[in-house]
Amino acid sequence: MFYSRASHRRIAKTLGVDRKTVAKIIAEHEEDRAGASPQERKPRKSLLDPFQDNVVQLLERYPDITAIRMLEELRRLGFKGAYSIVRDHLRKLRRHPRKLAGPIT
């Protein structure tokens, strides 16, 4: 089937997968054989990081502020990111307990 000298491109073409997938799997296999521990990635910096203090202040002042309104305030301060970044970040920060449905009658 495959020879030990088969290129990633040849393996990918034969299996019908992307070359990067083949390279990733081979690299993981070599790490497992060598007993190396997997390297953890550092989290990427967010566009919201420079505005974190502003987000906290706005949440303290307006605990029920919507993501759209937060985005408007941050844009006024120079934020260039998208609505979805603000929305997802607010979901993480808010500590509202989930409302449980009442008993079924």
Side-chain angles (χ1 to χ4, degrees):
M1 184 74 125
F2 293 113
Y3 299 102
S4 62
R5 302 278 179 179
S7 68
H8 293 185
R9 185 180 303 256
R10 173 183 253 173
I11 296 169
K13 188 173 183 178
T14 303
L15 296 176
V17 296
D18 190 65
R19 286 181 295 141
K20 292 177 185 176
T21 304
V22 172
K24 181 177 129 185
I25 291 171
I26 290 174
E28 287 173 359
H29 177 70
E30 289 174 356
E31 285 177 5
D32 288 344
R33 286 185 65 169
S37 61
Q39 296 176 355
E40 292 187 22
R41 291 183 176 181
K42 294 180 184 176
R44 291 177 63 178
K45 292 185 179 182
S46 171
L47 291 174
L48 271 175
D49 287 348
F51 300 94
Q52 186 60 37
D53 292 337
N54 302 101
V55 170
V56 171
Q57 289 173 1
L58 285 167
L59 276 175
E60 287 175 355
R61 190 178 312 160
Y62 309 106
D64 295 327
I65 191 169
T66 64
I68 293 172
R69 183 68 182 120
M70 178 74 74
L71 176 64
E72 290 172 354
E73 288 296 319
L74 294 175
R75 287 255 167 95
R76 196 171 53 81
L77 298 170
F79 177 68
K80 302 285 187 203
Y83 163 75
S84 59
I85 297 171
V86 176
R87 179 195 63 211
D88 295 344
H89 190 67
L90 281 178
R91 282 183 183 162
K92 290 178 189 174
L93 291 178
R94 291 217 166 114
R95 295 187 181 151
H96 296 298
R98 290 186 178 188
K99 294 181 183 177
L100 299 175
I104 300 174
T105 55

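What you see is a predicted model, and the numbers here were worked out from it, not measured in a lab.
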| query | Is L71 linked to V56 within one hydrophobic cluster, defined over Ile, Leu, Val, Met, Phe, Trp and Tyr using a side-chain heavy-atom separation of less than 4.5 Å? | reply | no
| message | Tell me the closest heavy-atom pair linking V86 and L48, and the distance in Å. | response | CA-CD1, 4.1 Å
| Between H8 and R19, what is the shortest heavy-atom contact and its length? | O-CG, 4.3 Å
| message | Other residues, nucleotides and ligands only: do more than 12 of their heavy atoms fall within 6.0 Å of OH on Y62? | response | no
| Could you state the interatomic distance from CD (E31) to CD1 (I26), rounded to the nearest 0.5 Å? | 12.5 Å
| task | Would you give the length of the straight line joining atom CG of L93 to atom CZ of R91, rounded to the nearest 0.5 angstrom? | result | 12.5 Å
| Under 4.5 Å between side-chain heavy atoms, hopping through other hydrophobics if needed: is there a path connecting L58 to I68? | yes
| What about L47 and F51, same hydrophobic cluster or not, with Ile/Leu/Val/Met/Phe/Trp/Tyr joined at side-chain heavy-atom distances under 4.5 Å? | yes
| query | For R87, does the CZ atom have more than 12 heavy-atom neighbours from other residues, nucleotides or ligands under 6.0 Å away? | reply | yes
| D49 side-chain N/O to S46 backbone N/O, donor-acceptor pair under 3.5 Å | yes
| How close do A67 and L90 get, heavy atom to heavy atom, and via which atoms? | CA-CD1, 3.5 Å
| said: I'd like to know if I25 and I11 are part of one continuous hydrophobic network [Ile/Leu/Val/Met/Phe/Trp/Tyr, side-chain heavy atoms within less than 4.5 Å]. | reply: no
| remark: Applying salt bridge (Lys or Arg N to Asp or Glu O under 4.0 Å) to R69 and not counting sequence neighbours gives E72, E73
| message | For a quick test of reading the model, state the closest non-hydrogen atom pair linking R94 to D64 and the distance between them. | response | NH2-C, 3.8 Å
| query | Between K13 and R9, does a side-chain contact (heavy atoms from CB on, under 4.5 Å) hold up when you go through it step by step? | reply | CA-CA 6 Å; K13 188 173 183 178; R9 185 180 303 256; 5.7 Å; no
| task | Mind listing the closest non-hydrogen atom pair of M70 and V55 along with its distance? | result | CE-O, 3.9 Å
| said: Treating T14 as the side-chain partner and R10 as the backbone partner, does any N or O pair qualify as donor plus acceptor under 3.5 Å? | reply: yes
| message | I need the Y83 OH to T66 OG1 distance, nearest 0.5 Å. | response | 7.5 Å
| task | Might you confirm whether atom CZ of R75 has over 12 heavy atoms from other residues, nucleotides or ligands at distances under 6.0 Å? | result | yes
